[in-house]
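Worth saying up front: this structure is predicted, and the values here are computed from it rather than measured.
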Amino acid sequence: MKRDVIVACDFADAKTTLAFLDRFTGRKPFVKIGMELFYGAGPEIVREIKKRGHKIFLDLKLHDIPNTVKKSMAVLSGLDVDICNLHAAGGIDMMRAAVEGLTRPDGSRPLLIAVTQLTSIDQTRMENELLITGKPLAEVVMQYARNAKEAGLDGVVCSPLEAGKVHETCGSEFLTVTPGIRFADGAVGDQQRVTTPAKAKEIGSDFIVVGRPITAAEDPVAAYERCVADFAD
């Protein structure tokens, strides 16, 4: 699968989002719709962006008992998005139920990926707040990735710093979708495990998810083109 840049449209309403996407004349960037936008604008914003020709990563990070996740994924399967996700911390049974729920009667389904550890989590937070002790963070991420593969998922969301190791552990076809992308001359913000688009390409990310470095840029289109040139071209 060809590498691509996914633009995180973390806006609160449909009007702002569509006005932002209107700036990309001649381009149809891959778009991430997260909780803020989905909760603010509802499923209709997914349908509208899809109608405009964009691929969509629906980033809702489901995490519940298997039956609830299965039924929720069955609803999301009707939105015709390209990628859905959930939290790997929900366990293998939950992830298997998600695959079952997301699969349509004709056997088709969006790609399904699992969040390993959020890029805002570092070793100290993992140990002191989550009480996951005795293991390096990277090893925990690899175990979550192995669980996701066993459950039949297509890949994981992980730090770009872990993408290469995920491929070593789970195979080159197992997708790595990596947030935590910042330009070398940009602010890190609330992310802990970050790197540049060029470094993410070198390490082996399949997709990078880029939010504020594009959406908050003085010229978002130019920032997007910079990401594409550094990562996808």
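A side-chain donor from one of Glu127 and Gln123 sits under 3.5 Å from a side-chain acceptor of the other.
Residue pairs meeting the side-chain hydrogen bond (donor to acceptor under 3.5 Å, both in side chains) criterion with at least one partner in residues 15-39, sequence neighbours excluded, are Asp10-Lys32, Asp13-Thr16, Asp22-Arg52, Arg27-Glu225, Lys32-Asp59. Pairs of residues two or more places apart, or lying in two chains, that qualify as salt bridge (Lys or Arg N to Asp or Glu O under 4.0 Å) and include a residue from residues 140-156 are Arg96-Glu150, Arg109-Asp154.
Here the shortest heavy-atom pairing between Ser108 and Asp106 reads OG-OD1, 2.7 Å. The minimum heavy-atom distance between Ser205 and Thr176, with the atom names listed, is CA-OG1, 3.4 Å. Taking all atoms of both residues into account, the shortest heavy-atom contact from Pro197 to Arg182 is CD-O, 3.7 Å.
Ring geometry for His63 versus His87: interplanar angle of 30 to 60°, hence tilted.
Looking only at distances, a side-chain donor or acceptor of Thr196 sits under 3.5 Å from a matching main-chain atom of Lys199. Remark: the backbone N or O of Ile56 is paired with a side-chain donor or acceptor of Asp82 at under 3.5 angstrom. Looking only at distances, no side-chain donor or acceptor of Glu129 sits under 3.5 Å from a matching main-chain atom of Met126.
Looking at residues two or more places apart in sequence or on another chain, you find a side-chain contact (heavy atoms from CB on, under 4.5 Å) between Leu60 and Met35, Phe38, Leu58, Leu62, Leu76.
Taking the ring centre of Phe183 as origin, the terminal cationic atom of Arg226 falls inside the region bounded by 6.0 Å and 45° from the ring axis.
With a 6.0 Å radius and a threshold of 12 heavy atoms from other residues, nucleotides or ligands, Lys70 has its NZ atom at or below the threshold.
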